[in-house]
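Reviewing the structure listed below.
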Amino acid sequence: QVQLVESGGGLVQAGGSLRLSCVASGRIFSINAMGWYRQAPGKQRELVAVLTSGDRTNYVDSVKGRFTISRDNAKNTSLQMNSLLPEDTAVYYCYAKIRPYFDYVREYEYWGQGTQVTVSS
């Protein structure tokens with residue numbers, strides 16, 4: 001069974017930093033993309049950052065220059081968040097496009113359980 005597990009959320013003052021990590025586990029043939037989404041209360045889930053095969057990155061405009069996504073190894077991604085703002089407060093979800101061994105010709109989307117990030121003003 002494929003799982004994504006996040007860690008690193010918490011409470012921080014505006015201007016501070018946090019680092020989120022996500023580890024994929026299970027019988028994985030390949031991971032084609034890993035990224036982060038977030039959902040604030042009363043808002044839709046939005047893409048924050050994604051890292052695709054070939055090391056291409058994409059960020060939502062509101063975090064460009066402040067957040068950095070990296071692929072630490074084949075099954076691990078991190079999101080370094082600097083200069084945090086109160087509007088960054090949300091539940092952050094790890095996301096991955098994975099080809100599992102049980103069906104390696106197809107790509108499946110997987111989500112982590114979410115980690116809370118709260119930025120106080």
For Tyr104 and Arg99, run side-chain hydrogen bond (donor to acceptor under 3.5 Å, both in side chains): C-alpha distance rounded to whole Å, both residues' side-chain angles, the deciding distance at 0.1 Å, then the answer. CA-CA 5 Å; Tyr104 62 87; Arg99 295 180 188 268; over 6 Å; no
Which of Trp36, Tyr110, Tyr37 passes ring-ring contact (aromatic ring centres under 6.0 Å, His included) with Tyr95? It is Tyr37
Nearest non-hydrogen partners of Asn32 and Glu107, listed with the distance: ND2-OE2, 2.6 Å
Whether the side chain of Tyr59 engages the backbone of Ile69 through a donor-acceptor N/O pair (distance < 3.5 Å, no angle test) should be reported. yes
Counting N and O atoms only, with roles assigned by atom type, does the side chain of Glu6 sit under 3.5 Å from a partner on the main chain of Cys94, one being a donor and the other an acceptor? yes
Would a single hydrophobic cluster contain both Met34 and Ile28, if residues Ile, Leu, Val, Met, Phe, Trp and Tyr are joined by side-chain heavy-atom contacts under 4.5 Å? yes
Taking Leu79 as the starting point, is it possible to reach Tyr93 by hopping between hydrophobic residues whose side chains are less than 4.5 Å apart? no
Closest approach of Lys43 to Gln39 (non-hydrogen atoms, all atoms of both residues): O-NE2, 3.1 Å
Strictly distance-based, threshold 3.5 Å: is any side-chain N or O of Thr77 a donor or acceptor partner for the main-chain N or O of Ser70? yes
Cluster overlap Leu18 with Val48, hydrophobic side-chain contacts below 4.5 Å: yes
Can you name the closest pair of heavy atoms from Leu47 and Val60 and give their distance? O-CB, 3.3 Å
Would you say the side-chain atoms of Asp88 pair up with the backbone N or O of Leu85, donor to acceptor, closer than 3.5 Å? yes
Report, as yes or no, whether the 6.0 Å neighbourhood of atom OH on Tyr108 holds more than 12 heavy atoms from other residues, nucleotides or ligands. yes
Can you measure from CZ (Arg106) to CG (Asp103) and round to the nearest 0.5 angstrom? 5.5 Å
Is the shortest side-chain heavy-atom distance between Glu46 and Arg38 below 4.5 Å? yes
Assigning hydrophobic clusters by single linkage (Ile, Leu, Val, Met, Phe, Trp, Tyr; side-chain heavy-atom cutoff under 4.5 Å), is Leu4 placed with Val23? no
For residues Val63 and Val117: do they belong to one hydrophobic cluster (side chain heavy atoms under 4.5 Å, members Ile, Leu, Val, Met, Phe, Trp, Tyr)? yes
Under the 6.0 Å and 45° cation-pi test, does Arg27 pair with Tyr101? yes
Please give me the minimum heavy-atom distance between Gly114 and Val91, naming the atom from each residue. CA-CG1, 3.8 Å
Under 3.5 Å, is there a donor-acceptor pair between the side chain of Arg66 and the main chain of Ser83? yes
Are the side chains of Ser17 and Met81 in touch, meaning some heavy atoms are under 4.5 Å apart? no
Is Gln116 reaching over with its side chain to a backbone N or O of Gly9, donor-acceptor style, under 3.5 angstrom? no
Heavy atoms of other groups near Glu109 CD, more than 12 under 6.0 Å: yes
To check you understand the geometry: which heavy-atom pair defines the closest contact between Ile31 and Lys75, and what is its length? CD1-CA, 3.9 Å
Would you name the heavy atoms of Arg71 and Leu51 that are closest together and state the gap between them? CB-CD2, 3.3 Å
Report yes or no: does Thr115 contribute a side-chain atom to a donor-acceptor pair with the main-chain N or O of Ser7 at less than 3.5 Å? no
Partner of Phe67 by side-chain contact (heavy atoms from CB on, under 4.5 Å), out of Asn82, Leu20, Leu84: Leu84
